Structure formats: C-alpha cells, structure tokens
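The block underneath contains the structure these notes are about, expressed in structure tokens.
Owing to the predicted nature of the structure, the values given are computational and were not obtained by experimental measurement. Just so it is clear: chains get the letters A, B, ... in the order the sequence lines come, proteins before strands, and each one is counted from 1.
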2 protein chains.
Amino acid sequence: MKEAKAEGSEVKEKARRAKSAAAVMNRLSTEQKNEALLRMADVLVRASASIMEANERDLQRGRENGTSPSLLDRLALDDSRIAGIADGLRQIVELPDPVGDKLVSFSRPNGLLVEQIRVPLGVIGMIYEARPNVTVDAAGLCLKTGNSVVLRGGSAAIESNKRIVEILHAALSETAMPPEALQLIEDSDRKSVDEMLKLNGLLDVVIPRGGAALIRNVVENATVPVIETGAGICHTFVDESADAGMAADIAYNAKVQRPSVCNSMETLLVHRGFATRHLPAIAGRLLEAGVELRGCSETRALLAEAKPASEDDYATEYNDYILNIRIVDGLDDALAHIDRFGTKHSECIVTADSANAKRFLQEVDAAAVYHNASTRFTDGFEFGFGAEIGISTQKLHARGPMGLPALTSTKYRIYGSGQVRG
Amino acid sequence: MKEAKAEGSEVKEKARRAKSAAAVMNRLSTEQKNEALLRMADVLVRASASIMEANERDLQRGRENGTSPSLLDRLALDDSRIAGIADGLRQIVELPDPVGDKLVSFSRPNGLLVEQIRVPLGVIGMIYEARPNVTVDAAGLCLKTGNSVVLRGGSAAIESNKRIVEILHAALSETAMPPEALQLIEDSDRKSVDEMLKLNGLLDVVIPRGGAALIRNVVENATVPVIETGAGICHTFVDESADAGMAADIAYNAKVQRPSVCNSMETLLVHRGFATRHLPAIAGRLLEAGVELRGCSETRALLAEAKPASEDDYATEYNDYILNIRIVDGLDDALAHIDRFGTKHSECIVTADSANAKRFLQEVDAAAVYHNASTRFTDGFEFGFGAEIGISTQKLHARGPMGLPALTSTKYRIYGSGQVRG
C-alpha cells in the first residue's frame, strides 16, 4: 500500500514524525525504555497541579455542555488519580519486555539458520474516548514495546490530554527515547479520525477503545489493519445440574459487580429444570441489588417482577443494571442462543456435568469460555498479564485480553553462508 | 459488527452455509479431517479426465480472448499437474494439526485454571486469480485446520474450478467432513468480490492471493479482517567487505532463478568500494542470463549496457528479467533506500562485516531479513513448514511465510469452582 495522499495535515504530519521516531524506538534497549517510563511517571506526579488546572477547563466545558455526571466522573483527575496513573506506568516498567524474544530457531538441511524474533509493530494509532488515563496508559504500553504511538482521544478531554502529552514530551526529552514517538492529535473534528484510518504506510495498526459506535466506525472505514476491541454481550448458562449457590453467586457477580464493563453479563440462560427450583432465589438477589429483569414468557411466569424481553433486548449490550433472563431446554438451546446473540467475548456455563462443560468450552466461539466462574475475569490484570491494552474480540493476531506481546510483530532473521536456491 | 445486509445473493447464501458447517468442522478430529483430505486427493486423480475437459473449455475461451501464453500455461491442467495437486493434499495430511494445541496454561492465585488453545479461524474467504491449483491447495489448508472456506477464483478458470469443487463435494459427502464447508463463488462479476469483502459476521478473514491490483482492492475495501500477502520489492545490498563470488551467486540467484515471484530481487544496492572492483563481473553474468539492467549514473559509468533507472523503477515490482542497480555510500545509504522503496517482504545483506550484518538484520523492517543468502528462500516449503497459504507482508497475526498455524486463532478456556471477582 502506498502512503495516504493528504498533504501537510496535522494527522499526517504527526504520523510521519511518529514513523521516523519508530526507527529509533526499535533500537532502544529495555533499560532505556524503562528509564523513560519511570521519568514519565515522576514528571506526571510533579506536574499534578498543572494537569488538574487543564482538566478543570475540560470539566467546566463539560458542565456547560450538560455532560452527564458519570461521564464527568470518568473525565475528572485529582491528585490520587494522577498518582494512580503514574503507578500504572511504574507497573509497566516491571513487566518483561517481549521485544527481542526468540520465538523459534531452527536450521535447515542447507545450513540456513532461521530465527523468528519479536519486534515492535511500528506505529500504533489509538482512538479512544474521554478518559485521560487512557492517554498515559496507552502511551506507556506502546512505548514499552518499542512502538511509536499516535493518540487521538475524545474532544471532551482535549485540554487534559494536551497538557499531559506536553509534560510527557518534556520528560522524554531528558531520556534516550525520542519525544516524537508520542504524538497527540489535537484536531477534534471527526475528520481527523477518518484520516487516521486510511494512513497505510504510516500507521501499522489502529486500535479503537470505546463504545460500540466508535468501534464500528473504525472497523467499517479503516484500511489500516485494526485490532477490534470491545463489545460484549456475555451470557451465563446455568445448567440443570448446577450448584444453586454457585450459580447464584456467579450470576450476581457477573451482573452486579461492575455492570458498565464489557465482560459483565447481559443475559442469563437457565435450564428449565433448574429454573423452577432456583430461579426465584437468584432473581431475588438481583432485584435487591437494583437490577431490572426482562424475561421470556416462562421466566415471567416464575418472576412477577420481570418485564418482557424482546429480540432487541437479547441483542443489546446494556452495560447497566438490566438483565435478560431466558429459560432454555438445555445445552443445545443455550448454545444456539449464544451463537445467535453473542459477540464472541466471554461466555460461561455453570454445571456439575463435565460432559456438558466440555461441549460448552469446545463449541462456544468466543475469546474466553468459562466453566463455573464469573465472566468478569476476562481482563489482562486478572489473567496476570500485568497490563491490558484492551480485549480483542476478533480472531486475528490477538484474542481476548491483550498484554504487551499483542503490541508486537515478528520478523524472520536468516543467517547464511552464501546459500542460493536450486 | 452486524452481518452484511444483502439478502439472498449467491455470495451471502454460500457464506452462510460455510458458517453453519464451521460449527461441525470445529468438532472434527484430526483423523476425520485427514481422511477427508485423502479422499479428496484420490477422487481428484480418478476424475482427471473430467477436470481436463472442463479446463479445456477455460483454455479455449482464453485463446479466443487473446490470453497471453504464460497465463494460459498457469491455467492449463494435465494428468501430471492434477497428480501433483493431489499429492499436495496428501502432503497436507502428513502435517501436524495445530488445532487443539495448548499454547499456554497457568493457574491464578484464586484457583482459576486458564488455558489458551488453538482453534480454527472459522470461515476463511480466499480471493485469487486464474490458477486452478490454488482452488485445491487453499481448500486443503483451510479444511485441515478445521475451517470452512469460501473460494472466489479468477473468472478465467471458472469451468475448471466448478468441476473441481463438484468433485471435491462428492468426495466429502462420503466422509465426516461437511461438503458445505467448501464453497465456490461462481459469479464472476467483480461485485461478488466486493460483497465478500463486507461480510462481517459471516467471514472471519479474507486472504487475497494474486497481483498488486487484486491485493490493493481487498485491502482498501474490506471491512472483514484481511491477511495481506504479497507484493515484494526485494533488495540485495552488497557491502564493501562482501565475498565477490558469494555476492555474485546470491545476486544471480535472487534475480534469475525465478524472476516472476514475490521473493525475487528487484534492486541490487552495491557499496561504492565493492562496485568498482566487482560490479562488472556480476553484471556480466546477469546480462548473459538476459537480464535488462537499469542503473544510477555511477552504475552506468561502470556498465555501458545499463539504461537509466528512474525513481519509478525503484518503486516497481518487475517480476521479470529486469534489475535496478544503485551504487550507495554504505550501510546507511542502503538502509535509507530500502526504507523508502521496500515493501517489507525480504531483504538481504551480503557482507563479511558482522557489525554491519547485525545492524541490517536489526534495522530493516521486513518479514524476512537475510545475511549472506538469497531472498528466494522466503517460502513456506523452504522454511520447512510443509505448506504455504501465502506470504504475509503485514505485521498483524502472521508475518512472512504462513503455514497451518496462520490459519488458526486462539481461545481462552477458564476452569473454575465458583470463583467470582472481588
């Protein structure tokens, strides 16, 4: 692919600089990268007041524009949040650097030695919404893996993001890491996103992080390769043989512990034989926690409180205190429902029947399939990766929680002594 | 992503059937898949006469349309070629099945057991040109890895492809593998390609195999994830310290042994200090082999036979008996040239200087980087993979020659005993 055509725009100019810097990034040692990240963390904390001052302007504008309290909360920074963001960078420093790892090494009969080595992806484009912590987090992960990164955050956080990147640039200018490796697109017009999506030759990958609309726009319009993250319509299937207490705990946790995230449950599928005995008790706990229940007709016959669930409801990621409940004939019916409405994110079976568990884990097509555990565990930190750039719901390159290796590519190095092909 | 909208078209209907069959494919054992592939091989050979009869109609139409002799040759099938294609299937049977491989397995402090398992990608779309052998080859590789495949070959081979797929369907109907897992799009209108590229929800990946125009169309228009294969503007850099005989052999092999393929050399970069002493002898051998030389002004001062090389020439994949030669100041100049004109495929340095070799292998951004060996080795068979679905020139998912594992994804299976997230 040739480089995109547009000349001299902010997006193209910054992507070009990021690409130039990528060649330097590729040569940095792990120590040099870690030193730069530690410096970034220190300087962020020292500049807290200045960051909060910029953040206040974002908040002020948000309040004037009638932004919802929950969005304002995501946007807001204070001393303790900034300290937390800096600690996130320090945690990334502690992680092993995957770049340079030798994945494969073999000799061929003709004497060629072939090695496959992890290398940085090059230049990563990140498109995300109004959470300034993502600015630092994504920068830390991309830079640790020797990539340049072009950030395009939501306009609601633009003042915070500009100040943060200014500060990080100052920090990097005292290290071996080129400040140009970190670029922030300041143009808040939607066109700047569209332009990023077509920058083949300058960007090696685009990673969207945010709501369904943002991700759909990226997937539908990008010519640059994309790592799709996100949408999660996750199911928990409670089989006939499930332990009632375990099923109730898992369902409660998957729905209530943090409903706003992608690995929370949206639909509970319940085996008919289990439902008559135990569904009312499970539903009672959910109702107490303030969950609105929507059910199929059989569910509603058992639960007076449940409103009717429509096909659209089954296809909706609520990210809220709302749950669909559907009574199913058994495993096959549950599998068919998940195949139809699932988004290949995280799916769970609660059962004491090991044959059913095995079939569920084998046949459900999703990034993470669980036997007797909450879907809420689909998370880079919970998996012990120490970091997470997102949760991939596509099948290429990376699937499920993405740690540092997901931000790398590979390269074959071949060592010869004059071999030619016969 | 929701499923594409178009209703009832051939493309969509066949992709749907492939998707239904993918669930069955996912459950087949390695033995069942191998048995099906062997049956396919046997039946192909038995039906040679029928395939050749269909092939003759393609050839006849091609001759009437003035198709070039080299294209007609690629299209033509005879007993021995069909036997070779069937042997290709038998070789795929011999390869280890990556599906089900456990890549990672670890326990978490909360007792969760997390396993990462190789799984089929699902439904693979293959878009290729007029080589009927690719029909069988791609089918064999995709089916061996438990995928369904939707094939869309070039219209010039449509009669051959239809007959081959008819025969393979008959073969599969006597096995555990569902014939529906193998689909051929017969609509030769370009629109059928465009439709495939947007089938999110039905196709998990599209792999284009063919010329630059075909690949560009796929990359620019697909919303389905793509594995980009192909274009190769490969360089050989002969450093000052290179062994003259080795440099001549490698340059000759990389250009002349098979100029029509993507891993052949298009531009020879020669250190000034080496050129004056040895370039005329190297060029002499190339000229004898019928290679047209195009050079920079310094090259032309040494080689009377060389025509001038333009910037466009450096950016062209000739796939022919034409070679650019440019004299460079040294390693940095060579690296800059490759960075500007390379397509991230295969690049070679011939040198006796290990520091220069190390820098070249580290700094050149390509799928395969060689020290003292011909770029012609970038090939799944030469690497010992036993098969090749193509050579990826992108950085996501797979890079370089792609064997069977490139046709798989992964999935996390998590085994719990009632764990919930705190």
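Contacts of A/Q362 with chain B are made by both backbone and side-chain atoms, with heavy-atom separations under 4.5 Å. Residue B/A222 touches chain A through its backbone alone, counting heavy-atom pairs closer than 4.5 Å. Contact of B/A366 with chain A is made through the backbone alone, with heavy-atom distances under 4.5 Å. For A/A367, the part sitting under 4.5 Å from any heavy atom of chain B is the backbone (N, CA, C, O) and nothing else. Proximity to chain A is limited to the side chain of B/L112, based on heavy atoms less than 4.5 angstrom apart. Proximity to chain A (any heavy atom under 4.5 Å) is restricted, for B/Q257, to the side chain, taken from C-beta onward.
Between B/A373 and A/G416, the closest heavy-atom pair is CB-CA, 4.2 Å.
For the set A/D243, A/V364, A/T343, A/N221, the entry with the most heavy-atom pairs within less than 4.5 Å of chain B is A/V364. Contact count against chain A (heavy-atom pairs under 4.5 Å) is highest for B/D379 among B/L113, B/V224, B/D379, B/T375. Of the listed residues (B/M246, B/E363, B/R258, B/K344), the greatest number of heavy-atom pairs within a distance under 4.5 Å of chain A belongs to B/E363. Counting heavy-atom pairs closer than 4.5 Å to chain B, the top-ranked of the candidates A/Y415, A/F106, A/F377 is A/F377. Interface summary for chain A: among B/Q116, B/H371, B/R359, the most heavy-atom pairs under 4.5 angstrom belong to B/H371. When each of A/I250, A/N26, A/N372, A/N110 is scored by its heavy-atom pairs under 4.5 Å with chain B, the top score falls to A/N372.
Residues A/L396 and B/P225 have side chains in contact (heavy-atom distance under 4.5 Å, counting atoms from C-beta outward). The closest side-chain heavy-atom distance from B/V119 to A/R399 is below 4.5 Å. Residues A/V369 and B/I414 have side chains not in contact (no heavy-atom distance under 4.5 Å, counting atoms from C-beta outward). Contact of the A/V114 side chain with the B/F383 side chain is registered, since non-hydrogen atoms from C-beta on lie closer than 4.5 Å.
With hydrogens and angles disregarded, a donor-acceptor distance shorter than 3.5 Å links the side chain of B/R108 to the backbone of A/E382. Side-chain atoms of A/N253 come within 3.5 Å of backbone N or O of B/R421 as a donor-acceptor pair. Between the B/K395 side chain and the A/L121 main chain, a donor and an acceptor come within less than 3.5 Å of each other. With hydrogens and angles ignored, the 3.5 Å screen pairs no side-chain donor or acceptor of A/Q419 with any backbone N or O of B/S374.
Below 30°, between 30° and 60°, or above 60°: for A/F385 and B/Y412 the angle between ring planes is between 30° and 60°, a tilted geometry.
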